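Have a look at the structure below before the remarks.
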Amino acid sequence: MRIDDIREKFGRFRILVIGRANAGKTTLLQQICNSMENPEIYDGGGGKIDLAQIQESAERGEHNIENEMIFLSNTGFVFHDSRGFEAGSVDEFIKMKDFVAERANTTFLKKRVHAIWYCIPMDQHHRAILTAEERFFDECETGNVPVVVVFTKCDAVQVFAAAALTAEEKRLPREERLVKVNEYAESMLRESTVWKRLQERKNPPKVYAEVKDMHKCNEGCKILLEKTATALNDEALEMLFVTTQSANIMLCIKYAVESKFFSLGSFSARDQEHLMRGIASWLPHVKVGELYII
C-alpha cells in the first residue's frame, strides 16, 4: 500500500470541527498545522473566498459548513467548521446533521469526512453538557466516521485540582505537590460528568483527548493526534492521517514500527528493501530513492 495511491484515492484528510464559542478551536488547528496564520477559505467548488466576505457573513449570523479551511503550512488537511448550532440555532443544526449524513457516506471519497472533533472547553468542566451536545450525540449518525471529543483548556482543571489538595499534601515539596495536582486533575477529567453523560447518549463518541499546554509549540495537540489515529481503525486512513500531520514525528515512527512491514528475524536483501520502503511510507516528507543493502 503506497501513500501516493492512498492520496490519489482519498485526497486530503478531511475533519469536521465542532465546538462551543471560545473553545480554542482556532488555536488548536494552528498547532495541528504548525501555523500562526489564519487559514484560507474555499467554497465547495474550490473557489477562494475573501476573508472580508466571511466576516460580513458572520456579522449577519450566516455560516456555510461546506466551506473548506486550509492552512498553507499544511495543505494536506481540510477543515470544516460547524459554527452556529452550538448556540442553539435549529437551522444550523439541521444543516450540520445533513452535512454529516452526506459526507460520512458519500461515494465520492475525496469529499468524505474522515473524522469529527467535538471541542468542549474544560474551564467549564463543572457545567452539565449543553442541549447542543445532547442533540448531536443522540441524533447524528456518523457511520464509520469516528467522533473524538476534544477537551480543550485542560490547564484550567489544574486550578481546581490544586484547591482539592489536603492540608498535608499542600506541605509536600513542590515537585511532589505538582505530581499530586496532576493526579487530581487527571482524575477530574476521567470522572468528568461531561464525558460520562456523553457516553450515555444514543451515539456516544469513540474516544476523548485532553488538550493542554497550548502555549507550547506542538505540545497541546500530540495526544489528540494519537487518539485520532487510533480511532480511525482503517490502515489506509491511518496512513493518510499520520503522514499528513507533521506536529508529532513520534507518531509516525510508532506506526512505522508497528506496521505490518515490521517483523523480526533474518531478511533477504529484497525483504530488507521492502521493509525499509514500508517503514519510510509512514514518515512524512521522506523520499525513498535507490536503496543499497550491504
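These numbers were taken from a predicted model, which means no experiment stands behind them.
- Minimum interatomic distance between Ser73 and Ser35 (heavy atoms only, all atoms of both residues): OG-CB, 3.2 Å.
- Put simply, the side chain of Leu225 reaches to within 4.5 Å of the side chain of Ile32, judged on heavy atoms.
- Shortest non-hydrogen contact noted between Lys153 and Gly24 is CE-N, 4.3 Å.
- The closest donor-acceptor contact from the side chain of Thr244 to the backbone of Phe13 lies at 3.5 Å or more, if one exists at all.
- Residues Thr152 and Met122 have side chains not in contact (no heavy-atom distance under 4.5 Å, counting atoms from C-beta outward).
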- Item | Evaluation steps, side chain to side chain contact (heavy atoms under 4.5 Å, CB included), between Tyr42 and Ile70 | CA-CA 8 Å; Tyr42 297 85; Ile70 299 175; 4.0 Å; yes

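- With Tyr118 as the partner, the ring-ring contact (aromatic ring centres under 6.0 Å, His included) test is satisfied by one option alone out of Phe137, Trp195, Tyr208: Phe137.
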- How far apart are the C-alpha atoms of Lys97 and Glu141, what are their side-chain angles, what is the distance that settles it, and do they pass the salt bridge (Lys or Arg N to Asp or Glu O under 4.0 Å) test? CA-CA 8 Å; Lys97 186 177 177 181; Glu141 299 281 353; over 6 Å; no

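- No donor-acceptor pair under 3.5 Å is formed between the side chain of Arg14 and the backbone N or O of Phe77.
- With rounding to the nearest 0.5 Å, the separation of CD in Glu176 from CG in Leu178 is 10.5 Å.
- Side chains of Met96 and Cys140 form a contact here, defined as non-hydrogen atoms less than 4.5 Å apart.
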- Message: Using the rule given for side chain to side chain contact (heavy atoms under 4.5 Å, CB included), can you reason through Asn67 versus Asp81, listing the C-alpha separation, both sets of side-chain angles and the distance that settles it, and then say yes or no?
- Response: CA-CA 8 Å; Asn67 288 346; Asp81 187 359; over 6 Å; no

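- What you find for Cys221 and Ala247 is that their closest heavy atoms are SG-CB, 3.9 Å.
- Note that the NZ atom of Lys110 and the CZ atom of Arg7 stand 12.0 Å from one another [nearest 0.5 Å].
- Remark: Phe108 CZ to Arg103 CZ distance equals 9.5 Å, nearest 0.5 Å.
- Across all their heavy atoms, Phe71 and Asn38 have their closest contact at CE2-C, 4.1 Å.
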- Query: So Asn233 and Lys206, side chain to side chain contact (heavy atoms under 4.5 Å, CB included) or not? Walk me through it.
  - Reply: CA-CA 11 Å; Asn233 200 31; Lys206 191 164 186 179; 3.9 Å; yes

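- In the hydrophobic clustering of ILVMFWY residues, with side-chain heavy atoms under 4.5 Å counting as a link, Phe93 and Ile65 come out together.
- In this structure, the ring of Phe99 has its center less than 6.0 angstrom from the ring center of His80.
- Between Arg177 and Glu169 there is no salt bridge, since no side-chain nitrogen of the basic residue lies less than 4.0 Å from a carboxylate oxygen of the acidic one.
- Tracing side-chain contacts under 4.5 Å through hydrophobic residues (I, L, V, M, F, W, Y), one reaches Leu232 starting from Val207; they form part of the same cluster.
- Gln30 is not listed as a side-chain neighbour of Met36, based on a closest heavy-atom distance of 4.5 Å or more.
- Using a 4.5 Å cut-off on side-chain heavy atoms (C-beta onward), Leu29 and Val17 make contact.
- Proximity of a side-chain donor or acceptor of Gln199 to a complementary backbone N or O of Pro205 within less than 3.5 Å is detected.
- You'll find the side chain of Leu198 reaches within 4.5 Å of the side chain of Ile120, heavy atoms only.
- Under the 4.0 Å criterion applied to side-chain N and carboxylate O atoms, Lys202 and Asp138 are not assigned as salt-bridge partners.
- The CG atom of Asn74 sits 5.0 Å away from the OG atom of Ser246 when rounded to the nearest 0.5 Å.
- A salt bridge (charged side-chain N to carboxylate O under 4.0 Å, His left out) with Lys111 is found for one member of Glu102, Glu68, Glu66 and no other, namely Glu68.
- Judged by distance alone, with hydrogens and angles left aside, the side-chain atoms of Arg12 form no donor-acceptor pair with the main-chain N or O of Val78 at under 3.5 Å.
- Criterion: ILVMFWY side-chain heavy atoms under 4.5 Å apart, direct or through other members. Under it, Phe160 and Phe151 are part of a common hydrophobic cluster.
- Annotation: side chain of Val147 is in contact with side chain of Phe136 (closest heavy-atom distance under 4.5 Å).
- Considering only heavy atoms from C-beta on, Ile41 stays 4.5 Å or farther from Lys48 through its side chain.
- For the atom pair CD of Gln31 and CG of Asn34, the computed distance is 8.0 Å after rounding to the nearest 0.5 Å.
- Heavy-atom contacts from other residues, nucleotides or ligands closer than 6.0 Å to CD of Glu8 number 12 or fewer.
- Taking CG of Leu165 as the start and CG of Leu172 as the end, the distance is 8.0 Å to the nearest 0.5 Å.
- Not a single donor-acceptor pair under 3.5 Å links the side chain of Ser187 to the backbone N or O of Glu183.
- Side-chain heavy atoms closer than 4.5 Å link hydrophobic residues (I, L, V, M, F, W, Y) into clusters, and following such links, even through other members, never connects Tyr184 to Val159.
- Atom CG of Asn203 is surrounded by more than 12 heavy atoms from other residues, nucleotides or ligands within 6.0 Å.
- For the pair Gln158 (side chain) and Ala161 (backbone), a donor-acceptor distance under 3.5 Å is absent.
- At a threshold of 4.5 Å between side-chain heavy atoms, the hydrophobic network of Ile, Leu, Val, Met, Phe, Trp and Tyr places Leu28 and Leu251 in one connected group.
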- Apply the test side chain to side chain contact (heavy atoms under 4.5 Å, CB included) to residues Cys252 and Gln245: give CA-CA distance (whole Å), side-chain angles for both, the deciding distance (0.1 Å), then the verdict. CA-CA 9 Å; Cys252 301; Gln245 67 82 32; 3.3 Å; yes

